[in-house]
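Structure first, commentary second.
Computed over heavy atoms, backbone and side chain alike; hydrogens, waters and symmetry mates excluded.
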Amino acid sequence: MFKKFYQIAAILFFVLIASGCTGEEKSTSLKICIDGSTEFKCVKWIEEFANNNPSVTIEIIKVPSFYSYKTPGPSPKLIQEREEFLKKLHTEIMAGKGPDVYFFPQILVNDRGYNVLQDIYKIAQAGVFADGTEFYEKLNKDSQYIDSVMEAGKISGHQYIFPTGYNVYGILANKNIITEEKIDISNLNSLENYVDLFDFAFGNISYFMLDLCSPKTIDVENKSIDIENQAFITLLELWEDYTVNPPSSKYAEPLFPSNMRKAGSKFDNFRVINLNGAIENAPARAFDGEQHEILLPIRIDEEITGEINGYVAVGDNCKNKDAAFKFVEYVLSENAQVGCVEIGENEVVEPTSGNGFPVRKGCIPKKFENVMNLKKITSYYEGTMPTVETIAEYEKIEQSISQVSLQLPYYYYETFEDEMQQYIDGKVDLNTALEKVKKSWEYYIDE
């Protein structure tokens, strides 16, 4: 199936190139950079844009994928090829010779060390991206985009990055355990209340921990680190309980992210998940809808925070910025925000131009509808999609989400785990480990 897809993608590339060479209008060229690891999420939208703009010639710069669908996990050989390609690409970018458009509708959440642009903020601060403030003000004249989400793409008040989707964290709960243990889920409206549930689960929580509290902990623009905010302290206590004193509950069995990729997997525990997974394919193919329930959402200090999970940006070196921003406008259009991509012969459905909740207001119901309709005509999905009531709860998220951040560079997670491991091994006390984490982060953020 995937071999067939890449054959189609190759043909599509030449069609895109050729499409700009016909007609009477003067041809305009755009080089669009995409990640080969998520290529299937990009090609449909690039194709549709090219079909609607025949005077624009599209050249795709594809960063090699770091894994093969034939083998599980990243491939060392492919990783090396990718790293060599990225070194050349980054050199060109910093020399002002990079792509015209950077289109990454899915940031690789589970493979954080492999994203094309590891530190988006620093790259933006270096002047790589074009200032799209005036463009966005015109685009958003009717306030159809979620302010708190789009703010994540601003630097010094200017819009350089355009989020295409965002994540919010919640918990996937086992209904049987809720019944057996008589757990009251009616007041699960804060992080503190959710903590009580973690006696029933086990896993590496450092990633979601930093994601949840990063908007209140790491201020990239002002170059400040605050590890004394209540969100970080609460999550640190949770992390310490997990790592130093793992849950002893009879339900506490290891859960790993790779399990989520196995069709038909049944989890017997509670688990922190990206709530956008309810829109994407994870719950539909990995969770039994009759056994599990998604609890919405985790709140910190009575607020919902999130993380950008996809974006598009225009290169400052682009000679055809009008065409480039026209592509951005298409990616942020309702059509692209609610659209679905079906790849192969009724095998894979990817419901969006980017992972996550739509950044455009009012698109959640339509996106669910599209996913459900595709589910009916494919044999790939085996689970149950969320109920109408749950969809209504998702709609409330876009009205109440207060702060969203761009995904942290891998360095933050790696440093946290390395320094905290010294504490786990008894080599340093907790305060010393935390001080080292803070200093490392401050040094990095100030580079």
Which of I218, D119, I120, T217 passes side-chain contact (heavy atoms from CB on, under 4.5 Å) with L408? Answer is I218
Hey, would you say the F135 and F162 ring centroids sit under 6.0 Å apart?
yes
Would N222 and S224 count as a side-chain hydrogen bond (donor to acceptor under 3.5 Å, both in side chains) if you check the C-alpha gap in whole Å, the side-chain angles of each, and the deciding distance to 0.1 Å?
CA-CA 6 Å; N222 295 314; S224 65; 5.6 Å; no
Under a 3.5 Å distance rule, please check whether D418 uses its side chain to pair with a backbone N or O of T415 as donor and acceptor.
no
Any Lys/Arg nitrogen of D35 or R82 sitting under 4.0 Å from an Asp/Glu carboxylate oxygen of the other?
yes
Under 3.5 Å, is there a donor on one side chain and an acceptor on the other for E329 and S333?
no
Check: E221/S156 side-chain N/O donor and acceptor closer than 3.5 Å:
yes
Look at atom NZ of K216 and say whether more than 12 heavy atoms of other residues, nucleotides or ligands are closer to it than 6.0 Å.
yes
Assess whether side chain to side chain contact (heavy atoms under 4.5 Å, CB included) is satisfied between V116 and L86, documenting all intermediate values.
CA-CA 7 Å; V116 176; L86 287 177; 3.8 Å; yes
Over all heavy atoms of both residues, which pair between C318 and L30 is shortest? Give the atoms and the distance, please.
SG-CD2, 4.1 Å
Is a salt bridge present between E151 and K154, judged by a nitrogen-to-oxygen distance below 4.0 Å?
yes
Run the ring-centre check on Y311 versus Y102 and record whether the distance is less than 6.0 Å.
no
Check this for me: does any side-chain nitrogen of one of E447 and K122 sit under 4.0 Å from a carboxylate oxygen of the other?
yes
Below 4.0 angstrom, N of the basic side chain to O of the carboxylate: do K62 and E39 qualify?
yes
Do you know the tightest heavy-atom contact between S65 and L78?
O-CB, 3.6 Å
Step by step, work out the side chain to side chain contact (heavy atoms under 4.5 Å, CB included) result for V314 and V328.
CA-CA 8 Å; V314 174; V328 175; 3.7 Å; yes
Distance-only side-chain donor-acceptor flag, N53 / K326, under 3.5 Å:
yes
Are a donor atom and an acceptor atom from the side chains of Y330 and N335 found within less than 3.5 Å of each other?
yes
Would you call K138 and E134 a salt bridge, taking side-chain N to carboxylate O under 4.0 Å as the test?
yes
Taking all heavy atoms of Q337 and all of V359, pick out the closest pair and write down the distance.
OE1-N, 2.7 Å
Assess the side chains of S214 and S405: does a donor N or O sit below 3.5 Å from an acceptor N or O?
yes
Taking the six-membered ring for Trp, is the centroid-to-centroid distance between Y444 and Y412 below 6.0 Å?
yes
